Participant: 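To start, I am sharing the structure in question, which I have written as structure tokens.
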Amino acid sequence: MRIADIAGATFRFHNAVYVSLTEKCPIRCRHCFVESAPSREEQAEVAAFTRWIEGVAAAPGLEIVFFSGGEPFSHPLALRAGLRACRKHGVYPIVCTSGFFGRSDESTRRLLDNFPELACLWISTDVFHEEFVPLEHLRRVTLLAKERGLDVGFQIVDDDPEHSPFMQRFAAVVGHDLVPRDDIVIVPLAKQGRAEHELTPDEKAGLRVDRGAGIEVVPRKHCAWLGTPWVREDGVVSACPNLDVFKAADHPLQIGRLDDDDFATISRRVDEDLYVQTLRIFGPAGIVDRFPVEEWGWDRAAFQGKSICDLCHSLAKVPGLPDKLRAAAEASGEREKLDLLRLAIYKEDRAKVPS
């Protein structure tokens with residue numbers, strides 16, 4: 001599968017899903033948005049996970065499973081169960097890793113050979129990962145993975161990829177002969193997790209927004225990230241990877257638990273959910289513009305956020321607001337409009353949704 005196709009699939013509704021196996025990670029990056037570390041002990045219980053992942057991999061329309069964490073290789077029993085389920089159901093498995101095991105040819109071969117169902121490594125690197133995993137190790141991992149016929153893609157956090165010293169080092173050490181530019185996905189530094197309180201002022205410079213605060217500065221755009229759900233180690237399924245969603249047990253973007261419903265049932269429910277789909281199409285600022293949220297209890301004057309995530313969480317905290325929006329959207333005929341816009345924006349043909 002081409003890396004560009006993988007990236008595109010993550011925005012179409014439930015074509016892909018992220019599955020977190022563990023919060024443990026052998027490295028501790030200062031910008032980690034899930035705050036994983038060697039000391040973390042949270043991980044999926046193997047028997048329950050094996051049951052969950054079988055249902056996830058069998059869900060109609062699912063094409064890709066990203067196994068994530070923490071470091072998924074830190075929970076090998078769950079990872080093997082996940083890879084086997086993907087092979088059984090014809091789903092493409094991707095393992096998101098730091099490449100920490102690339103210290104030598106021997107350690108790299110040993111790990112790769114222990115997981116014969118591997119199809120793709122999705123390697124995360126940047127200046128923060130580089131503190132623990134040298135780029136020379138990542139070239140080794142890439143070479144030996146490709147020798148085995150595996151696909152390899154890179155996700156790199158960088159706010160200025162055309163000019164940054166890190167990207168120059170990546171080109172010199174890992175090399176675009178081995179990793180073409182089309183196999184690299186660049187993402188901005190996210191103001192989440194440890195990045196909020198462990199980075200230096202200079203490192204946080206890319207997070208600064210000098211345009212004030214309040215509803216006027218929040219971008220008017222849709223939220224494409226809500227198309228790809230996240231499954232946590234305890235079986236909670238979220239429509240969004242933001243930690244604030246998981247920390248709030250009653251957050252409306254917590255969309256289910258795999259102990260209560262299988263993934264296909266959760267997916268069908270969210271496909272019809274006017275709250276989630278309105279966020280995907282119009283974004284939280286669009287909700288403020290289109291619906292009487294102040295009448296429903298949202299305080300415009302009190303909102304001092306800057307991002308669509310800030311506004312989304314602010315709206316979610318208003319008791320009853322998601323249900324009021326669902327009812328108002330249904331009464332005003334929004335569903336048909338949303339279906340048309342889902343087709344236009346995400347190429348999602350609701351007439352062909354698997355049953």
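All figures in this text were calculated on a predicted structure; none of them were measured in a lab.
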Participant: What residues, two or more places apart in sequence or in another chain, satisfy side chain to side chain contact (heavy atoms under 4.5 Å, CB included) together with Asp261?
Facilitator: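 Testing Asp261 for side chain to side chain contact (heavy atoms under 4.5 Å, CB included), a comparison that skips the adjacent residues, returns Thr265, Ile266, Arg269.
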Participant: Taking ring-ring contact (aromatic ring centres under 6.0 Å, His included) as the cut-off, I'd like each qualifying pair that reaches into residues 86-106, sequence neighbours left out, listed once.
Facilitator: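 Found Phe73-Phe101.
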Participant: Tell me every residue that passes side chain to side chain contact (heavy atoms under 4.5 Å, CB included) with Lys317, counting only those two or more places apart in sequence or in another chain.
Facilitator: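 Per chain and number, Lys317 pairs via side chain to side chain contact (heavy atoms under 4.5 Å, CB included) with no residue.
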Participant: Which residues pass the side chain to side chain contact (heavy atoms under 4.5 Å, CB included) test with Ala224, not counting sequence neighbours?
Facilitator: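 Ala224 satisfies side chain to side chain contact (heavy atoms under 4.5 Å, CB included) with Phe11, His222, Tyr346 once adjacent residues are dropped.
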Participant: Any salt bridge (charged side-chain N to carboxylate O under 4.0 Å, His left out) pairs touching residues 4-21, not counting sequence neighbours?
Facilitator: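 Qualifying pairs: Arg2-Asp5.
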Participant: May I have all residue pairs that pass ring-ring contact (aromatic ring centres under 6.0 Å, His included) and include part of residues 42-61, sequence neighbours excluded?
Facilitator: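 Counting only pairs at least two positions apart or across chains, no ring-ring contact (aromatic ring centres under 6.0 Å, His included) contact touches residues 42-61.
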Participant: Keeping to residues at least two apart or across chains, list the salt bridge (charged side-chain N to carboxylate O under 4.0 Å, His left out) pairs with something in residues 24-36.
Facilitator: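 Qualifying pairs, neighbours excluded: Lys24-Glu41, Arg28-Glu198, Arg30-Glu131, Arg30-Glu203.
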Participant: For residues 171-184, which side-chain N or O atoms pair as donor and acceptor with protein atoms under 3.5 Å away, sequence neighbours left out?
Facilitator:
unit_1	atom_1	unit_2	atom_2	d
His176	ND1	Val179	O	3.1

Participant: For Leu343, which fellow cluster members are found when Ile, Leu, Val, Met, Phe, Trp and Tyr are connected by side-chain heavy-atom distances below 4.5 angstrom, either directly or through intermediates?
Facilitator: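 Cluster partners of Leu343: none, it stands alone.
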Participant: Just to verify, what does Pro161 make a side chain to side chain contact (heavy atoms under 4.5 Å, CB included) with, not counting sequence neighbours?
Facilitator: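 Testing Pro161 for side chain to side chain contact (heavy atoms under 4.5 Å, CB included), a comparison that skips the adjacent residues, returns Asp158, Met167, Ile186.
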Participant: Report all side-chain donor-acceptor pairs from residues 56-70 shorter than 3.5 Å, counting only partners two or more places apart or in another chain.
Facilitator:
none

Participant: Using a 4.5 Å cut-off between side-chain heavy atoms of Ile, Leu, Val, Met, Phe, Trp and Tyr, which other residues end up in the same hydrophobic cluster as Leu77?
Facilitator: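 Result for Leu77 is Val46.
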Participant: Do we get Arg290 above Phe282's six-membered ring, with its NZ or CZ under 6.0 Å from the centre and within 45° of the axis?
Facilitator: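 Yes - Arg290 lies over the ring of Phe282, closer than 6.0 Å to its centre and within 45° of its axis.
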